[in-house]
There are 2 protein chains.
Amino acid sequence: MGIEPEHEVASTPREALAQTGWLRSVAADTLDRLAKQAVLHRVPAGSTVFEQAETPAFALLLVSGNVELLAVRGTEETLVEFVLAPDLLLPAAVLNSQPYLLRARVLGEARLVMIQAETFRETVASNLDLCLAVLACQAAQFRRQIKHAKNLQLRSVEERIGCYLLKIIEGTSPGTPVKLPLEKRLIASQLGMTRETFSRTLATVARHGIRVDGDVVCLEDAAAAGIRFQLDPLIDGHEPMRPIRIKRN
Amino acid sequence: MGIEPEHEVASTPREALAQTGWLRSVAADTLDRLAKQAVLHRVPAGSTVFEQAETPAFALLLVSGNVELLAVRGTEETLVEFVLAPDLLLPAAVLNSQPYLLRARVLGEARLVMIQAETFRETVASNLDLCLAVLACQAAQFRRQIKHAKNLQLRSVEERIGCYLLKIIEGTSPGTPVKLPLEKRLIASQLGMTRETFSRTLATVARHGIRVDGDVVCLEDAAAAGIRFQLDPLIDGHEPMRPIRIKRN
DNA sequence: CCTCTGCATTGATCCAGATCAATGCCGTGC
DNA sequence: GCACGGCATTGATCTGGATCAATGCAGAGG
C-alpha cells in the first residue's frame with residue numbers, strides 16, 4: 001500500500017526531532033544536544049507510558065500514535081486529555097520536576113523520543129528558540145484543555161456527539177460516507193460519557209441528519225444538522241502550535 | 001487597620017512588575033521594556049476584564065484581587081478557572097495572538113498591569129529569562145487546570161466540599177473557627193455545583209466532623225473528617241510557580 | 001470449524017445533582 | 001425607621017446520564 005510515505009520514518013531520535021514541525025525554528029546543534037542521550041522507543045498497543053504520581057525521568061515526545069491521559073482514582077479511570085502526535089506528553093511536569101498528575105496510555109502503537117529530563121530542562125533553560133517552541137506547545141495544550149472543559153460543561157451529550165460528528169464530515173458533500181477515526185468506546189470517553197450513552201444517543205442524533213452505521217458516518221441532511229448542532233470555533237476549532245517568531249534586534 | 005503593609009503597594013506598572021515574585025529572575029531592563037507602555041489599572045468589583053472571543057490587545061498581569069474565568073454560552077456562565085494574584089490572565093491567548101476562550105470577571109476590586117500585547121510577545125521572544133518565567137507560569141496554570149478537572153470528574157459533590165473545607169482548616173487545632181475565604185455562591189461555583197446543592201450538602205458534611213455555620217468553618221472531629229475526606233496532593237496540592245534556574249554555560 | 005474475548009447494542013432501573021419555588025435573612029440606602 | 005436587593009436555606013420535583021444486565025456480533029486463534 002504505502003509505497004510512497006510522505007517522508008522517511010525516523011529511525012533515530014535525532015531524525016525524529018528534525019521531523020517535528022514545531023521544532024523547526026530550533027537550531028540544529030540544540031536538537032543535537034537534546035538527542036544526545038535520547039532514545040527512540042516503540043511502544044506496543046495498550047501499554048502504560050507513565051503512571052500518575054511518578055516523577056518524570058524523561059521528557060517524552062510523541063512522534064507517532066495517540067496517547068490517552070487519564071485521571072485515576074483507585075480502579076476508576078477517566079480521560080482528561082487525548083494527545084495526537086507530534087506533541088510533548090505533559091511538559092509541565094517535566095519542566096517543574098513535579099509528579100505527573102495523570103496516567104499515560106498509548107492506543108494502537110506509538111513511537112516516543114525519550115529525552116533525559118535533566119538534559120531537557122537544561123537545554124530549554126539555555127536556548128531561547130527551544131524555550132519559545134516549548135512555550136508555544138504548552139500554550140496550545142492549555143487551550144485545548146480549556147476547549148475540552150467547555151465542551152463538557154456547556155454542551156449536552158447529544159450536542160457533543162453531534163458536533164464531533166459534524167466536524168468529521170465537515171466539508172464533504174452530503175451523502176459521502178466517512179470512517180470514524182477511532183473505536184466508539186474511545187470516542188465516548190473523549191466526549192466524557194459511557195459507551196452505552198453514546199450508543200443510545202447516536203439514534204437521536206440520526207434524527208437530525210447525521211447517521212452513523214457501524215464505523216461510518218454520513219451526513220444526510222446538512223440543514224437539519226447545522227440547525228441542531230452549531231460548531232463553535234472557541235470549542236471545536238483546531239488549536240495550532242506556532243512558536244512566536246523571533247525578531248533579533 | 002493596615003498601618004504596616006508588608007511592602008508598599010505598587011503605584012506604577014514598573015513597581016508592580018518588580019514586586020511580582022515569579023519575575024524575580026528577570027533582568028531589570030527587561031522589566032523596564034515591558035513596563036514601557038504599560039498602565040496599572042484599578043478595576044472595580046464585578047467588572048468584566050475581557051470577553052470571550054476577543055483578540056487580546058494586552059497581556060494582563062493580575063497584581064491583586066481575584067478573577068473568575070468563565071465559559072459562556074448565550075446567557076449561561078460556568079466557571080472554568082479561578083485566578084489568584086499574582087498571575088497572568090490566559091497568557092496562552094496573548095502569546096499565540098488568538099481569541100480568548102473565556103470571559104474574565106473580577107471579584108472584589110483588582111489591580112491589573114496592562115502590557116501591550118505586541119510588546120509582551122516581542123520581549124518574551126527576545127529574552128530567555130522572561131521566556132522561562134512565562135513558561136513556568138503557563139505550566140503551573142496548566143497543572144492547576146488538570147487538578148481542577150480531576151477534582152470535578154473523580155469526586156462527588158460531598159467529597160469536593162469536604163476536601164475544600166479540610167484544606168482550609170488544615171493545620172488548625174480542632175475547634176478553631178476559620179472564616180471562609182469567599183462567599184458561598186462563589187465557592188459553589190468553584191466546586192462546580194449550584195448554590196442550593198452546596199448549601200444542602202453542608203449538612204451531610206457536618207455529619208463527618210466539619211461544621212460550617214454562617215461564614216465560619218470549624219473542625220469538630222478530625223478523625224471522622226480524615227476518614228471520609230482524603231486530601232490528595234495530586235488534586236488538592238498547591239501548585240508552585242518556579243522558573244527553571246538557568247545555568248549559564 | 002468452533003470457541004473465546006472484546007466491542008456494541010438495547011432495555012430496565014436508578015440516582016446525584018439540577019431546577020423551580022418559597023421563605024428568611026442581612027446589609028444598604030433613603 | 002423602612003424598603004429593597006442580593007444571598008442563603010429548605011422543600012418538592014425532575015431528569016440526564018450512569019449503572020446493571022442480557023444479547024448480539026465479529027475477529028483471532030486453536
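As the structure is a prediction and not an experimental result, all values here were calculated from the model. Numbers restart at 1 for each chain; the letters A, B, ... are given by sequence-line order, proteins then strands.
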Can you list everything that forms a salt bridge (Lys or Arg N to Asp or Glu O under 4.0 Å) with B:Lys147? Sequence neighbours excluded, please. B:Glu239
Could you point out which residue of B:Glu68, B:Gln141, B:Gln190 forms a side-chain contact (heavy atoms from CB on, under 4.5 Å) with B:Glu81? B:Gln141
Looking only at atom types and distance, does a side-chain atom of B:Glu159 sit under 3.5 Å from a main-chain N or O of B:Ser156, one as donor and one as acceptor? yes
Parallel, tilted or perpendicular, as decided by the 30° and 60° cut-offs, for the rings of B:Phe229 and B:His208: perpendicular
Are the side chain of A:Lys150 and the backbone of A:Arg155 linked by a donor-acceptor contact shorter than 3.5 Å? no
Between A:Pro99 and B:Leu234, is there a side-chain heavy-atom distance shorter than 4.5 Å? yes
What is the distance, to the nearest angstrom, from the CG atom on B:Leu180 to the C1' atom on D:dC7? 14 Å
Quickly work out the B:Ile187 CD1 to D:dA8 P distance and round it to whole Å. 9 Å
What is the distance from CG of B:Asp215 to P of C:dG27, rounded to the nearest Å? 10 Å
Criterion side-chain contact (heavy atoms from CB on, under 4.5 Å) on B:Ile210 and B:Val217, from CA distance to verdict: CA-CA 7 Å; B:Ile210 304 179; B:Val217 213; 3.8 Å; yes
Inter-end axis angle, the helix from C:dC1-D:dG30 to C:dC30-D:dG1, with every axis fitted to five base pairs (rounded, 10 degrees): 30°
If I take atom CG in residue B:Leu152 and atom C1' in nucleotide D:dG17, what distance separates them, rounded to the nearest angstrom? 17 Å
Hey, does B:Gln145 have a side-chain heavy atom less than 4.5 Å from the side chain of B:Val80? yes
Along nucleotides 5-17 of chain C, 5' to 3', which nucleotides get a B, which get an S, and which get a -, given that the test is a protein heavy-atom distance under 4.0 Å? --SSSBBB----S
